[in-house]
Peer 1: 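Attaching a single structure in C-alpha coordinates format; questions to follow.
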Amino acid sequence: MKPVNHAIDDRRLLRVQALSGALFAVFLLVHLVNQMLAALGPVVYDGAQRVLRRGYQAPPVEIALVLAPLLVHATAAILRMLRRRALGRKAPAERWARLHRITGMFLFLLFAGHVIATRGASLLYGVYPEFAGVAFTLRWVPAYFWPYYTVFAMAGLYHAVYGLGVALPVLGLRTGNGLRRPELLAPIVTLGSLALLLGMLGLGGVFAEIGHPEQAPYARLLVRLGVAHLHPGPAK
(Lines give C-alpha, C1' and ligand atoms only; values in the text may rest on other atoms or scores of the structure.)
Protein backbone atom coordinates (compact mmCIF):
# COMPACT_ATOMS: atom_id res chain seq x y z
CA MET A 1 0.00 0.00 0.00
CA LYS A 2 1.32 3.42 -0.94
CA PRO A 3 2.16 5.52 2.14
CA VAL A 4 0.03 8.58 2.79
CA ASN A 5 1.85 11.89 2.44
CA HIS A 6 0.21 13.93 5.19
CA ALA A 7 2.10 17.09 4.23
CA ILE A 8 0.69 17.05 0.69
CA ASP A 9 -2.83 16.29 1.92
CA ASP A 10 -2.65 19.13 4.45
CA ARG A 11 -1.45 21.59 1.79
CA ARG A 12 -4.40 20.62 -0.40
CA LEU A 13 -6.82 21.11 2.45
CA LEU A 14 -5.17 24.43 3.26
CA ARG A 15 -5.66 25.64 -0.32
CA VAL A 16 -9.31 24.56 -0.25
CA GLN A 17 -9.79 26.31 3.08
CA ALA A 18 -8.01 29.43 1.81
CA LEU A 19 -9.98 29.71 -1.43
CA SER A 20 -13.36 29.08 0.18
CA GLY A 21 -12.55 31.46 3.04
CA ALA A 22 -11.47 34.24 0.68
CA LEU A 23 -14.69 33.89 -1.31
CA PHE A 24 -16.85 34.00 1.79
CA ALA A 25 -14.87 36.94 3.18
CA VAL A 26 -16.06 39.04 0.22
CA PHE A 27 -19.68 38.53 1.28
CA LEU A 28 -18.91 38.88 4.98
CA LEU A 29 -17.06 42.19 4.64
CA VAL A 30 -19.81 43.64 2.44
CA HIS A 31 -22.36 42.49 5.01
CA LEU A 32 -20.40 44.19 7.80
CA VAL A 33 -20.04 47.44 5.84
CA ASN A 34 -23.83 47.45 5.57
CA GLN A 35 -24.05 47.29 9.36
CA MET A 36 -21.62 50.19 9.64
CA LEU A 37 -23.95 52.25 7.42
CA ALA A 38 -26.69 51.95 10.05
CA ALA A 39 -25.01 54.89 11.81
CA LEU A 40 -26.30 57.04 8.93
CA GLY A 41 -29.91 56.02 9.50
CA PRO A 42 -32.57 53.64 8.15
CA VAL A 43 -32.77 55.14 4.66
CA VAL A 44 -29.07 54.63 3.96
CA TYR A 45 -28.95 51.20 5.61
CA ASP A 46 -32.04 49.82 3.88
CA GLY A 47 -31.14 51.41 0.54
CA ALA A 48 -27.67 49.82 0.54
CA GLN A 49 -29.01 46.45 1.69
CA ARG A 50 -31.69 46.33 -1.02
CA VAL A 51 -29.13 47.07 -3.71
CA LEU A 52 -26.62 44.55 -2.37
CA ARG A 53 -29.03 41.69 -1.92
CA ARG A 54 -30.03 41.87 -5.56
CA GLY A 55 -26.56 40.50 -6.13
CA TYR A 56 -25.66 38.21 -3.24
CA GLN A 57 -29.18 36.77 -2.87
CA ALA A 58 -29.49 35.84 -6.54
CA PRO A 59 -29.56 32.01 -6.29
CA PRO A 60 -26.37 31.29 -8.31
CA VAL A 61 -24.41 33.98 -6.45
CA GLU A 62 -25.78 33.01 -3.04
CA ILE A 63 -24.76 29.40 -3.58
CA ALA A 64 -21.36 30.17 -5.14
CA LEU A 65 -20.33 33.09 -2.90
CA VAL A 66 -22.08 32.37 0.40
CA LEU A 67 -23.43 28.88 1.05
CA ALA A 68 -20.89 26.65 -0.72
CA PRO A 69 -17.76 28.56 0.42
CA LEU A 70 -19.05 28.62 4.01
CA LEU A 71 -19.71 24.87 4.13
CA VAL A 72 -16.45 24.00 2.38
CA HIS A 73 -14.42 26.37 4.57
CA ALA A 74 -15.89 25.01 7.81
CA THR A 75 -15.45 21.41 6.68
CA ALA A 76 -11.82 21.96 5.65
CA ALA A 77 -11.07 23.72 8.95
CA ILE A 78 -12.56 20.87 10.98
CA LEU A 79 -10.71 18.22 8.95
CA ARG A 80 -7.39 20.03 9.39
CA MET A 81 -8.00 20.36 13.12
CA LEU A 82 -8.85 16.65 13.49
CA ARG A 83 -5.85 15.64 11.38
CA ARG A 84 -3.55 17.86 13.44
CA ARG A 85 -4.76 16.24 16.65
CA ALA A 86 -4.50 12.72 15.20
CA LEU A 87 -0.87 13.39 14.26
CA GLY A 88 -0.11 14.92 17.66
CA ARG A 89 0.66 18.35 16.24
CA LYS A 90 -0.05 21.53 18.13
CA ALA A 91 -1.91 24.47 16.66
CA PRO A 92 0.05 27.74 16.30
CA ALA A 93 0.30 29.35 19.75
CA GLU A 94 0.74 32.95 18.55
CA ARG A 95 -2.07 35.00 20.12
CA TRP A 96 -3.38 36.52 16.88
CA ALA A 97 -3.65 33.07 15.30
CA ARG A 98 -5.30 31.72 18.44
CA LEU A 99 -7.85 34.53 18.36
CA HIS A 100 -8.54 33.68 14.72
CA ARG A 101 -9.37 30.09 15.71
CA ILE A 102 -11.53 31.22 18.63
CA THR A 103 -13.54 33.65 16.51
CA GLY A 104 -13.93 30.96 13.85
CA MET A 105 -15.42 28.51 16.34
CA PHE A 106 -17.64 31.25 17.78
CA LEU A 107 -18.97 32.17 14.34
CA PHE A 108 -19.50 28.52 13.44
CA LEU A 109 -21.65 27.96 16.55
CA LEU A 110 -23.88 30.98 15.94
CA PHE A 111 -24.06 31.20 12.16
CA ALA A 112 -26.85 28.65 11.59
CA GLY A 113 -29.20 30.44 13.98
CA HIS A 114 -28.35 33.80 12.42
CA VAL A 115 -29.13 32.52 8.91
CA ILE A 116 -32.42 30.93 10.00
CA ALA A 117 -33.55 34.10 11.77
CA THR A 118 -32.71 36.39 8.84
CA ARG A 119 -32.67 34.45 5.57
CA GLY A 120 -35.38 32.06 6.71
CA ALA A 121 -37.87 34.90 7.09
CA SER A 122 -37.25 36.12 3.55
CA LEU A 123 -37.28 32.66 1.94
CA LEU A 124 -40.41 31.38 3.71
CA TYR A 125 -42.42 34.57 4.21
CA GLY A 126 -40.90 37.18 1.90
CA VAL A 127 -40.07 39.39 4.88
CA TYR A 128 -36.63 40.99 5.32
CA PRO A 129 -35.47 42.22 8.75
CA GLU A 130 -33.94 45.47 7.43
CA PHE A 131 -33.22 48.37 9.77
CA ALA A 132 -36.54 48.36 11.61
CA GLY A 133 -36.46 44.60 12.18
CA VAL A 134 -33.03 44.71 13.79
CA ALA A 135 -34.04 47.78 15.81
CA PHE A 136 -37.08 45.85 17.05
CA THR A 137 -34.94 42.99 18.36
CA LEU A 138 -32.74 45.48 20.23
CA ARG A 139 -35.82 46.79 22.02
CA TRP A 140 -37.41 43.38 22.46
CA VAL A 141 -34.55 41.65 24.34
CA PRO A 142 -31.78 44.27 24.68
CA ALA A 143 -29.74 42.26 27.19
CA TYR A 144 -29.27 39.54 24.57
CA PHE A 145 -29.32 41.22 21.16
CA TRP A 146 -27.04 44.18 21.91
CA PRO A 147 -24.05 41.99 22.89
CA TYR A 148 -25.01 39.30 20.36
CA TYR A 149 -24.96 41.56 17.30
CA THR A 150 -21.94 43.53 18.51
CA VAL A 151 -19.69 40.58 19.37
CA PHE A 152 -20.87 38.56 16.35
CA ALA A 153 -20.01 41.40 13.97
CA MET A 154 -16.62 42.16 15.54
CA ALA A 155 -15.70 38.47 15.58
CA GLY A 156 -16.63 38.26 11.90
CA LEU A 157 -14.50 41.30 11.10
CA TYR A 158 -11.43 39.94 12.87
CA HIS A 159 -11.81 36.45 11.42
CA ALA A 160 -12.21 37.82 7.89
CA VAL A 161 -9.26 40.24 8.02
CA TYR A 162 -6.81 37.86 9.67
CA GLY A 163 -8.10 34.99 7.54
CA LEU A 164 -7.40 36.93 4.34
CA GLY A 165 -3.88 37.45 5.67
CA VAL A 166 -3.55 33.67 5.78
CA ALA A 167 -5.48 32.85 2.60
CA LEU A 168 -4.06 35.33 0.10
CA PRO A 169 -0.42 34.18 0.36
CA VAL A 170 -1.59 30.55 0.04
CA LEU A 171 -3.37 31.59 -3.17
CA GLY A 172 -0.24 33.32 -4.50
CA LEU A 173 -0.79 36.91 -3.32
CA ARG A 174 2.10 37.29 -0.88
CA THR A 175 1.36 40.93 -0.12
CA GLY A 176 -1.77 39.78 1.70
CA ASN A 177 0.47 38.43 4.46
CA GLY A 178 0.64 41.98 5.84
CA LEU A 179 -2.93 41.63 7.11
CA ARG A 180 -1.63 39.27 9.79
CA ARG A 181 0.95 41.72 11.09
CA PRO A 182 -0.16 43.54 14.26
CA GLU A 183 0.90 46.96 12.93
CA LEU A 184 -1.70 46.62 10.15
CA LEU A 185 -4.16 44.13 11.64
CA ALA A 186 -4.73 46.06 14.88
CA PRO A 187 -5.70 49.44 13.33
CA ILE A 188 -7.93 47.82 10.69
CA VAL A 189 -9.81 45.77 13.28
CA THR A 190 -9.96 48.66 15.76
CA LEU A 191 -11.35 51.17 13.24
CA GLY A 192 -13.69 48.59 11.77
CA SER A 193 -14.98 47.62 15.21
CA LEU A 194 -15.57 51.29 16.03
CA ALA A 195 -17.57 51.68 12.81
CA LEU A 196 -19.58 48.55 13.68
CA LEU A 197 -20.28 49.92 17.15
CA LEU A 198 -21.48 53.21 15.65
CA GLY A 199 -23.73 51.17 13.37
CA MET A 200 -25.16 49.39 16.41
CA LEU A 201 -25.84 52.72 18.10
CA GLY A 202 -27.60 53.85 14.93
CA LEU A 203 -29.80 50.75 15.00
CA GLY A 204 -30.53 51.50 18.64
CA GLY A 205 -31.85 54.96 17.80
CA VAL A 206 -28.99 56.87 19.43
CA PHE A 207 -28.30 59.16 16.48
CA ALA A 208 -31.77 59.69 15.04
CA GLU A 209 -35.42 58.98 15.65
CA ILE A 210 -36.29 55.54 14.29
CA GLY A 211 -40.03 55.61 14.84
CA HIS A 212 -41.89 52.44 15.81
CA PRO A 213 -39.87 49.36 14.81
CA GLU A 214 -42.48 47.12 16.46
CA GLN A 215 -44.71 47.95 13.49
CA ALA A 216 -42.15 46.66 10.97
CA PRO A 217 -43.11 43.60 8.91
CA TYR A 218 -40.33 41.55 10.50
CA ALA A 219 -41.51 42.43 14.01
CA ARG A 220 -45.12 41.58 13.14
CA LEU A 221 -43.96 38.27 11.66
CA LEU A 222 -42.10 37.31 14.83
CA VAL A 223 -45.14 38.20 16.94
CA ARG A 224 -47.48 36.25 14.64
CA LEU A 225 -45.23 33.19 14.84
CA GLY A 226 -45.21 33.44 18.63
CA VAL A 227 -41.46 34.00 18.71
CA ALA A 228 -41.58 37.55 20.06
CA HIS A 229 -43.93 39.74 22.02
CA LEU A 230 -44.37 43.48 22.14
CA HIS A 231 -43.57 45.59 25.16
CA PRO A 232 -46.27 48.10 26.07
CA GLY A 233 -45.37 51.73 26.15
CA PRO A 234 -44.38 54.45 23.72
CA ALA A 235 -41.40 54.08 21.39
CA LYS A 236 -38.48 56.42 21.74
Side-chain angles (χ1 to χ4, degrees), residues 17-18 20-42 44-46 48-49 52-53 56 65-66 69-70 73-74 77 91-92 94-119 129-131 133-168 176-207 210:
Q17 186 182 6
S20 57
L23 286 173
F24 185 74
V26 174
F27 160 76
L28 179 56
L29 291 174
V30 168
H31 194 56
L32 293 175
V33 168
N34 192 198
Q35 179 173 323
M36 296 173 187
L37 292 176
L40 302 178
V44 174
Y45 178 93
D46 288 344
Q49 189 175 96
L52 291 171
R53 70 178 179 232
Y56 70 74
L65 190 62
V66 183
L70 173 63
H73 185 70
E94 192 266 329
R95 61 177 178 174
W96 302 100
R98 189 165 61 248
L99 183 56
H100 181 246
R101 291 195 302 276
I102 292 171
T103 54
M105 289 185 282
F106 176 75
L107 294 169
F108 180 75
L109 291 174
L110 295 183
F111 202 85
H114 180 73
V115 171
I116 291 170
T118 55
R119 194 70 178 102
E130 298 195 326
F131 187 102
V134 179
F136 166 73
T137 62
L138 294 176
R139 290 186 181 179
W140 169 37
V141 190
Y144 174 76
F145 283 106
W146 272 97
Y148 164 74
Y149 286 131
T150 304
V151 177
F152 193 47
M154 291 181 179
L157 175 67
Y158 181 85
H159 195 77
V161 175
Y162 186 93
L164 284 172
V166 176
L168 294 178
N177 189 57
L179 292 172
R180 285 191 290 173
R181 295 172 182 163
E183 58 269 24
L184 184 58
L185 175 66
I188 289 176
V189 173
T190 299
L191 292 174
S193 296
L194 177 60
L196 288 169
L197 181 58
L198 291 174
M200 286 299 304
L201 294 175
L203 288 162
V206 173
F207 300 131
I210 60 175

Peer 1: Nearest 0.5 Å, please: how far is CZ in Phe131 from CG in Asn34?
Peer 2: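 Here the interatomic distance stands at 11.0 Å.
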Peer 1: Pairs in or reaching into residues 106-119: which pass salt bridge (Lys or Arg N to Asp or Glu O under 4.0 Å), with residues at least two apart or in two chains?
Peer 2: Glu62-Arg119
Peer 1: Using side-chain heavy atoms (C-beta onward) and a distance below 4.5 Å, is Tyr56 in contact with Val26?
Peer 2: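 Sidechains of Val26 and Tyr56: no contact.
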Peer 1: Quick one, Leu29 with Leu164, criterion side-chain contact (heavy atoms from CB on, under 4.5 Å). Give me CA distance, side-chain angles, the key distance, then yes/no.
Peer 2: CA-CA 11 Å; Leu29 291 174; Leu164 284 172; 4.0 Å; yes
Peer 1: Mind checking whether Arg98 and Ile102 have side chains closer than 4.5 Å, heavy atoms only?
Peer 2: yes
Peer 1: Go through it in stages, so that I can follow the logic: the residues are Arg139 and Ile210, the test is side-chain contact (heavy atoms from CB on, under 4.5 Å), and I'd like the CA-CA distance, side-chain angles, deciding distance and then a yes or no.
Peer 2: CA-CA 12 Å; Arg139 290 186 181 179; Ile210 60 175; 3.5 Å; yes
Peer 1: I'd like a table of donor-acceptor pairs (distance under 3.5 Å, sequence neighbours excluded) in which one partner is a side-chain atom from residues 151-163, with atom names and distances.
Peer 2:
unit_1, atom_1, unit_2, atom_2, d
Tyr158, OH, Trp96, O, 2.7
His159, ND1, His100, O, 2.9
His159, ND1, His100, NE2, 3.4
His159, ND1, Thr103, OG1, 3.2
His159, ND1, Gly104, N, 3.3

Peer 1: Looking at side-chain heavy atoms only, is the closest gap between Tyr149 and Leu138 below 4.5 Å?
Peer 2: yes
Peer 1: Less than 4.5 Å apart, any side-chain heavy atom of Leu40 and any of Tyr45?
Peer 2: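 Result no, sub-4.5 Å side-chain heavy-atom pair not found.
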Peer 1: Evaluate side-chain contact (heavy atoms from CB on, under 4.5 Å) for Leu168 paired with Asn177, printing each intermediate quantity in order.
Peer 2: CA-CA 7 Å; Leu168 294 178; Asn177 189 57; over 6 Å; no
Peer 1: Give a yes or no answer on whether the side chain of Thr137 reaches the backbone of Val134 with a donor-acceptor pair at less than 3.5 Å.
Peer 2: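 Judged by distance alone, yes, a pair lies under 3.5 Å.
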Peer 1: Distance check, rounded to the nearest 0.5 Å: Glu183 atom CD versus Ile188 atom CD1?
Peer 2: 10.5 Å
Peer 1: Can you tell me how far apart CG (Leu32) and CG (Leu37) are? Round to the nearest 0.5 Å.
Peer 2: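 Nearest 0.5 Å value for the CG-CG distance: 11.0 Å.
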Peer 1: From His31 NE2 over to Gln49 CD, what is the distance, rounded to the nearest 0.5 angstrom?
Peer 2: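 Here the rounded value is 7.5 Å.
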Peer 1: Answer whether the closest heavy-atom distance between the side chains of Leu196 and Thr150 falls below 4.5 Å.
Peer 2: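 SC-SC contact between Leu196 and Thr150 ruled out.
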Peer 1: Tell me, yes or no, whether the heavy-atom count around Tyr148 atom OH, taken from other residues, nucleotides or ligands under 6.0 Å, exceeds 12.
Peer 2: yes
Peer 1: Applying ring-ring contact (aromatic ring centres under 6.0 Å, His included), name anything that partners Phe111, two or more places apart in sequence or on another chain.
Peer 2: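 For Phe111, the residues satisfying ring-ring contact (aromatic ring centres under 6.0 Å, His included) (neighbours in sequence not counted) are Phe24.
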Peer 1: So Leu107 and His114, do their side chains get closer than 4.5 Å, heavy atoms only?
Peer 2: no
Peer 1: Output yes when a side-chain donor or acceptor of Asp46 lies under 3.5 Å from a complementary backbone atom of Glu130, and no otherwise.
Peer 2: no
